Structure formats: structure tokens, C-alpha cells
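What follows is one structure encoded as C-alpha cells, with my remarks underneath.
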Amino acid sequence: MKQRYSLRDYKFSLVVLVLAISVIGIFMVRSARPEYMTRQILGVVLGVAVMVVISLIDYNWVLNFYWLLYGINLILLIAVLLVGTSSHGATRWLDLGFVQFQPSDLAKILTILFFARFLMDREESIKSPKTILQAVVLILPTLVLIVMQPNLSTTICVAALFCALLYIAGLSYKIVGPALLILIPAVIIFLTIAVQPNQPLLKDYQQKRILAWLEPEKYTDEDSYQQLNSVKAIGSGQLLGKGYDNDEATSVKNGNFVSEPQTDFIFAIIGEELGFVGCCVVIFLLLLIVIDCILIGLKAKDTGGRIICGGVASLVGIQTFINISVTTMIFPNTGLSLPFVSYGLTSIVCFYMGIGFVLNVGLQPNKYQ
């Protein structure tokens with residue numbers, strides 16, 4: 001049945017927030033690497049177009065094809081391993097000729113859509129071991145294919161997202177609590193094994209990143225170099241920063257103190273140039289996006305809509321937390337973008353796709369009507 005929407009139900013507050021953070025992203029990418037600014041603008045324009053189109057498509061109609069979406073996700077991830085493009089020792093991209101596409105970014109959105117329908121159909125049995133086991137079995141191929149690229153950071157992000165989706169769907173805290181009690185010691189054991197010589201769990205560069213995080217003073221000239229410089233750059237910005245697009249030779253971008261300042265370490269550029277105030281503005285805008293998605297989800301007409309909104313909110317929050325934690329050395333060095341801010345066409349468009357689905361949920365008659 002064709003949906004009729006009212007313009008007054010369109011969540012323009014969310015649109016304004018994502019546009020505001022995207023504009024900041026354009027300017028920060030220009031400061032970090034001017035040659036990427038045009039492509040960043042193109043990514044935002046394309047993302048906005050995709051967001052508007054998706055926002056007008058009934059999300060329940062899309063969820064009818066959830067198994068097809070699941071299959072497309074696996075096919076794309078398998079294609080990366082077979083014919084993907086490699087860079088810096090990782091194979092994460094598909095070369096489409098006019099652009100390089102990163103399927104692992106799309107996998108996050110497709111995971112949200114698939115489990116929105118899968119868990120909605122099993123709402124009454126979400127707490128049963130059978131449903132939980134089925135969900136775990138279904139997420140495992142995605143996690144395995146991403147970790148094989150290798151892309152450990154995205155694997156962790158998708159795994160955390162999956163846990164959030166289960167909780168949003170109604171998984172009891174009585175199950176979540178014991179799971180955390182098991183997970184925390186498991187992480188400690190994993191780290192203990194991971195730092196041992198000839199360990200079988202991680203590749204050499206991944207092990208070095210963890211060692212550099214645990215003992216940065218021993219790796220100041222190698223693997224902890226970027227994170228230490230990132231922390232110094234953020235601290236040097238103090239309250240108001242050194243000024244946008246400053247050309248000091250000692251700046252984190254001009255001195256080549258971090259690689260890829262336009263992507264993984266763009267928060268270091270923000271901290272150095274815009275200071276504590278600029279960092280707070282970026283974090284606050286991303287927080288407002290998360291809150292807006294949650295508020296829309298609370299009024300969703302069904303569980304599927306609630307899971308979509310909560311999933312997108314969780315994705316933005318998780319990826320923001322991981323990215324900023326890396327630049328401030330709370331976490332080991334990983335390769336995740338800062339949502340709507342970092343350079344990357346696939347990342348930007350996929351986040352806008354997620355916002356488009358949230359907007360459509362907001363357009364549907366809510367459960368209180």
C-alpha cells in the first residue's frame with residue numbers, strides 16, 4: 001500500500017544536525033588535505049540525495065527483502081576477498097572504475113536492516129536461547145569475512161552494533177549482565193595472549209599496535225608515534241585552538257606526524273585547530289544526532305522501526321567513541337572514520353542512508369496515534 005506522508009512530520013531537526021556536522025567535516029578535510037575537499041563535498045551531496053530518496057520509501061517495504069539484503073551483504077564481502085583492491089596490507093575495497101567502494105561500511109547498514117526484521121519477527125521469543133543462537137550464527141559470516149580483510153576495527157564495531165540491536169529488540173539485562181561478566185575477563189585473557197611472541201590470534205601489525213598502546217614509551221619511533229602525536233596535537237590546541245587551517249610547520253598535518261589526517265585522525269586536526277571548544281561542538285552535534293535518532297525510535301509504530309532508529313544511533317555512537325578513543329589513546333590504533341566528518345565517500349553515503357531510514361520511521365504514524 002502506498003504511504004502518504006505529511007511534511008510537518010519530517011524530522012528537519014535531524015537533517016539540520018547531520019548537515020551541520022557534515023559542513024564541519026568538509027572544512028576539516030580541506031584543512032587536513034585540500035585536494036580531497038571536492039570529493040568530500042561530492043560525497044555529502046550524494047549522501048543528502050540518497051537520504052532524501054530513502055526517507056520517502058516505506059521502511060517496512062524494504063524490510064520485506066531482508067534475506068535479499070543479507071545475501072547482498074555476504075556477496076559484496078566475499079567479492080572483496082576475491083577481487084578486492086589492496087592498500088597498506090589490507091584488502092577492503094572494490095574498484096568500480098570511477099570510485100573505490102568499501103562494502104564493510106555498507107555492511108553496518110545492511111546488518112541493521114536485516115536484524116530489524118529478523119528480530120521483529122521473533123519479538124516474543126527474543127529472550128529464548130534458540131533465537132539468540134540463530135542471531136549469533138547469522139552475524140558470524142559477516143564478522144568472519146570482515147576480519148579476513150583484515151579489518152579488526154570494523155569487526156569490533158559490527159559486533160558491538162549487533163549486541164546493541166539485540167538489547168534494543170528486548171533482550172533482558174539479566175542476559176546482558178552475565179554476558180558482560182564473561183566478556184570482560186575474555187578481553188583480558190585475549191590481550192594477555194595477544195602480546196605474547198608467536199601468538200596465533202593477530203597479525204604482526206595488529207599485535208604491535210596493542211603493544212604500542214600498552215607501552216607507548218617503548219614504541220615512540222614506531223607504532224605509538226601517531227597516537228602520541230595526536231594526543232599532543234589535541235592538547236596543544238588548548239581552549240580555542242591555533243586557528244583553522246593554520247600553516248605552522250609543527251602542526252600535526254604539516255609535519256606528517258600522523259598518516260591519513262583526513263580520515264582516522266581528523267579529530268586531532270579539530271583539537272589542534274579549533275581547540276577544546278571545537279572538539280566539544282563536534283561531540284555535542286554527534287550526541288544530538290544519536291539522541292534525535294533514539295527519540296524518533298521511541299515513537300516508532302513497530303519494533304522494526306525502533307530497531308532501525310536505535311541501530312543507527314548505536315552505530316553513530318559506537319563509531320564516534322572508537323574514533324575519538326583512538327586519537328586520544330584510550331584505545332589501540334584502529335582504522336575507523338569519524339561519522340559525517342572524516343573523508344570517505346562510502347562512509348558518508350552509508351551514514352546518510354542510515355539517517356534516511358530513520359527519517360522514514362519518523363514519517364510513519366507513531367504508536368501513540
Side-chain angles (χ1 to χ4, degrees), residues 1-22 25 40-73 76 96 99 101-120 158 161 165 168 286 289-290 292-317 319 337 339-340 344-366:
M1 185 178 68
K2 185 177 180 181
Q3 288 284 346
R4 298 184 65 179
Y5 302 125
S6 174
L7 189 63
R8 62 185 175 84
D9 293 326
Y10 209 85
K11 307 300 180 183
F12 287 104
S13 61
L14 181 57
V15 175
V16 169
L17 288 171
V18 295
L19 287 177
I21 194 68
S22 296
Q40 184 76 352
I41 294 174
L42 176 62
V44 172
V45 171
L46 180 59
V48 170
V50 170
M51 175 188 72
V52 172
V53 171
I54 289 178
S55 71
L56 301 177
I57 300 174
D58 184 359
Y59 71 88
N60 277 304
W61 179 80
V62 176
L63 295 186
N64 286 331
F65 305 98
Y66 70 117
W67 281 112
L68 176 61
L69 297 176
Y70 183 81
I72 290 172
N73 180 39
L76 289 173
L96 303 181
V99 69
F101 167 62
Q102 189 167 352
S104 59
D105 281 330
L106 181 59
K108 301 166 190 173
I109 303 300
L110 295 181
T111 294
I112 293 172
L113 296 177
F114 173 77
F115 282 105
R117 177 59 185 270
F118 179 84
L119 295 174
M120 180 173 68
V158 174
L161 173 63
L165 294 175
I168 295 165
L286 289 166
I289 291 172
V290 171
D292 226 359
C293 290
I294 293 173
L295 292 177
I296 294 172
L298 289 175
K299 296 181 179 180
K301 68 178 184 179
D302 55 31
T303 301
R306 186 177 77 242
I307 293 174
I308 287 174
C309 294
V312 173
S314 299
L315 176 59
V316 173
Q319 195 152 323
S337 62
F340 302 104
L345 290 179
T346 309
S347 175
I348 293 172
V349 173
C350 287
F351 273 112
Y352 269 102
M353 284 178 62
I355 296 298
F357 282 109
V358 172
L359 290 171
N360 184 260
V361 174
L363 280 173
Q364 306 277 352
N366 65 53

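None of these values were measured; they are calculated from a predicted model. Hydrogens, waters and symmetry mates play no part in the numbers below; they use all other heavy atoms, side chains included.
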Leu295 side chain near Cys309 side chain, heavy-atom distance below 4.5 Å: no

Taking all heavy atoms of Leu161 and all of Gly311, pick out the closest pair and write down the distance. CD1-O, 3.4 Å

Hey, could you give me the OG/CD1 distance between Ser55 and Ile355, rounded to the nearest 0.5 Å? 11.0 Å

Within-4.5 Å side-chain heavy-atom neighbours: Asp292 and Ser13: yes

With under 30° as parallel and over 60° as perpendicular, where do the rings of Tyr352 and Phe340 fit, or are they tilted in between? perpendicular

Within-4.5 Å side-chain heavy-atom neighbours: Val52 and Val15: no

Shortest non-hydrogen contact between Leu359 and Lys11, atoms and distance: CD2-O, 3.6 Å

How about Ile348 and Ser22: do any of their side-chain heavy atoms sit closer than 4.5 Å? no

Would you say that Leu17 contacts Ile21 through its side chain, given a criterion of any heavy-atom pair below 4.5 Å between the two side chains? no

Take Val62 and Ile54 through the side chain to side chain contact (heavy atoms under 4.5 Å, CB included) test and state the conclusion after the steps. CA-CA 10 Å; Val62 176; Ile54 289 178; over 6 Å; no

First locate atom CD1 of Ile296, then atom CZ of Phe357, and finally report the distance between them rounded to the nearest 0.5 Å. 14.5 Å

Mind checking side chain to side chain donor-acceptor pair (under 3.5 Å) for Thr346 and listing every partner two or more places apart, or none if nothing turns up? none

Which atom pairs, one a donor and one an acceptor, fall under 3.5 Å between side chains of residues 106-119 and the rest of the protein, sequence neighbours left out?
residue : atom : partner : partner atom : Å
Lys108  : NZ   : Asp105  : OD1          : 3.2
Lys108  : NZ   : Gln319  : OE1          : 2.8
Thr111  : OG1  : Ala107  : O            : 2.7
Arg117  : NE   : Asp121  : OD1          : 3.1
Arg117  : NE   : Asp121  : OD2          : 3.0
Arg117  : NH1  : Leu63   : O            : 3.3
Arg117  : NH1  : Asn64   : OD1          : 3.0

Applying side chain to side chain donor-acceptor pair (under 3.5 Å), can you list everything that pairs with Asn360, at least two apart in sequence or on another chain? Tyr5, Gln364

So do the side chains of Ile308 and Tyr59 get within less than 4.5 Å of each other, counting heavy atoms only? yes

Any side-chain heavy atom of Leu363 sitting closer than 4.5 Å to one from Leu56? yes

How long is the gap from NZ on Lys299 to CG on Asp9, to the nearest 0.5 Å? 10.0 Å

Between Leu286 and Pro339 the two heavy atoms that sit nearest each other are CD2-O, 3.6 Å

